[in-house]
Amino acid sequence: MIDLICRWLAATPASKLIQDIPWVVPATQSAHILSISIVLSAVAMMNWALLRRGAGADIAELDRRFIPAVWIGLGGLFLTGLILIVGEPARELKNFLFWTKMGLVVIIFAITWTFHRSVEGNPVFWQHSPRRVSTARYFGIVSMLIWVAIVAAGRWIAFVGD
Amino acid sequence: MIDEKFFKGVENWPVAVLIAKSPWLFPTIETIHVLALTMVVGTIAMVDLRLLGLRNAATAVDELTAEILPWSWTAFVFAVASGLSMFISKAVTYAYNPPFLFKITLIALAGLNMAIFHLGAFRTVRAWASISRPPLGARVAGAFSLLAWILVVIMGRWVGFTT
């Protein structure tokens with residue numbers, strides 16, 4: 001099944017174009033890394049403030065400052081990632097680390113979205129009780145670890161075959 | 001240009017041989033490098049965009065630099081350490097690789113730009129920290145830095161395709 005999809009995708013004009021122009025893949029990978037820069041630095045700054053200040057952190061303010069960068073970065077990652085998949089389908093789709101990475105992306109997206117919506121609905125949602133404060137900190141650590149794992153999985157795709 | 005013999009010697013250091021021979025050390029170091037460099041570039045870009053007046057206008061420039069730059073420096077130390085570790089494992093290859101040399105030059109230029117900014121426009125930061133659009137000197141420094149670091153990433157990626 002995956003084989004079939006890879007062969008079909010690799011034969012599309014879009015894929016041929018990406019394969020034929022030698023600078024497209026390195027350029028797209030560069031843009032992919034720049035997108036990671038946006039996301040990772042925003043997430044790190046936000047979660048660090050959350051960890052350090054705990055209940056004193058203005059979570060709605062952190063959301064306002066850093067979450068737009070996360071969405072912009074994720075948009076860039078999605079677009080550049082798509083180009084890389086279309087260009088080299090077998091390299092990605094037949095690699096278990098690619099699927100691990102995608103699973104982690106779904107989880108991090110769900111966490112980020114839930115967090116963002118909760119603050120949008122009620123800016124002091126996470127300050128409501130000590131328990132919620134520690135939950136927010138817990139998810140801060142977890143999401144940072146997931147992002148590190150996503151980057152690591154992405155880098156290792158190049159070294160691990162199917 | 002330093003003699004090729006020197007780089008050959010570097011490649012023979014026990015730690016360099018270890019990295020070159022191990023199937024997992026190089027990818028692991030490279031992963032650390034990616035994590036570190038994305039933190040360097042991302043955090044510096046936050047400051048650059050503020051200097052250009054494009055983002056975070058509500059935060060004073062000196063507050064922002066105090067909050068962010070320790071992250072940039074810490075990440076930079078990790079990026080250099082991991083970068084050097086990869087370099088010594090294939091020193092001859094990297095030392096004569098044009099994208100690599102261009103990348104190192106760009107990092108030096110970004111450092112020079114930062115030094116000029118700190119000795120110049122930043123000395124009067126108190127006077128303009130809260131202004132949404134900083135003075136020309138600061139904006140030029142921000143634009144140069146942003147461009148230099150983007151090119152560093154591009155050249156870094158190009159190294160991987162030309163070695």
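For clarity, every value in this text was computed on a predicted model and none was experimentally measured. Letters A, B, ... are given to chains in the order of the sequence lines, protein chains preceding strands, and every chain is numbered from 1.
- Among B:Ile68, B:Thr31, B:Leu37, the residue making the largest number of heavy-atom pairs under 4.5 Å with chain A is B:Thr31.
- Salt bridge annotation for B:Glu67-A:Arg52: absent, with no cationic side-chain nitrogen under 4.0 angstrom from a carboxylate oxygen.
- Interface residue A:Val148: backbone and side-chain heavy atoms are both found under 4.5 Å from chain B.
- Residue A:Ile36 is tested with B:Val153, B:Thr38, B:Val41 for a side chain to side chain contact (heavy atoms under 4.5 Å, CB included); the sole match is B:Thr38.
- For a residue to count as touching a neighbouring chain, one of its non-hydrogen atoms must lie under 4.5 Å from one of that chain's; by this rule B:Met46 touches chain A with the side chain only.
- Interatomic distance, A:Ile38 CD1 to B:Leu49 CG, rounded to the nearest 0.5 Å: 8.5 Å.
- Note on A:Leu51 and A:Ile108: separate hydrophobic clusters, where clusters join Ile, Leu, Val, Met, Phe, Trp and Tyr whose side-chain heavy atoms are under 4.5 Å apart, directly or indirectly.
- The side-chain heavy atoms of B:Leu35 and A:Leu40, taken from C-beta on, include a pair separated by under 4.5 Å.
- Aromatic ring centres of B:Trp158 and A:Trp23: separated by at least 6.0 Å.
- Other residues, nucleotides and ligands contribute at most 12 non-hydrogen atoms within 6.0 Å of the CZ atom of B:Phe78.
- The minimum heavy-atom distance between A:Pro26 and B:Arg157, with the atom names listed, is O-CG, 3.8 Å.
- Contacts of B:Thr28 with chain A are made by both backbone and side-chain atoms, with heavy-atom separations under 4.5 Å.
- Atom CH2 of A:Trp48 sits in a sparse spot, with 12 or fewer heavy atoms from other residues, nucleotides or ligands closer than 6.0 Å.
- Under a hydrophobic-cluster definition in which Ile, Leu, Val, Met, Phe, Trp and Tyr are linked whenever side-chain heavy atoms come within less than 4.5 Å, directly or via other members, A:Leu145 and A:Phe66 are assigned to different clusters.
- Residues A:Val105 and A:Val142 share a single hydrophobic cluster, defined by chaining ILVMFWY side chains whose heavy atoms lie under 4.5 Å apart.
- Under the 4.5 Å side-chain contact rule for hydrophobic residues, A:Ile83 and B:Phe161 share a cluster.
- Residues B:Trp73 and B:Ile32 are members of separate hydrophobic clusters, defined by side-chain heavy-atom contacts under 4.5 angstrom among Ile, Leu, Val, Met, Phe, Trp and Tyr.
- Heavy-atom pairs under 4.5 Å with chain A were tallied for B:Met39, B:Met155, B:Glu30; the largest tally goes to B:Glu30.
- Taken to the nearest 0.5 Å, the OG1 atom of B:Thr59 stands 6.5 Å off from the CD atom of A:Glu61.
- Heavy atoms from other residues, nucleotides or ligands lying under 6.0 Å from OH of A:Tyr138 number 12 at most.
- A distance-only check finds a donor-acceptor pair linking the side chain of B:Arg55 to the backbone of A:Arg65 [under 3.5 Å].
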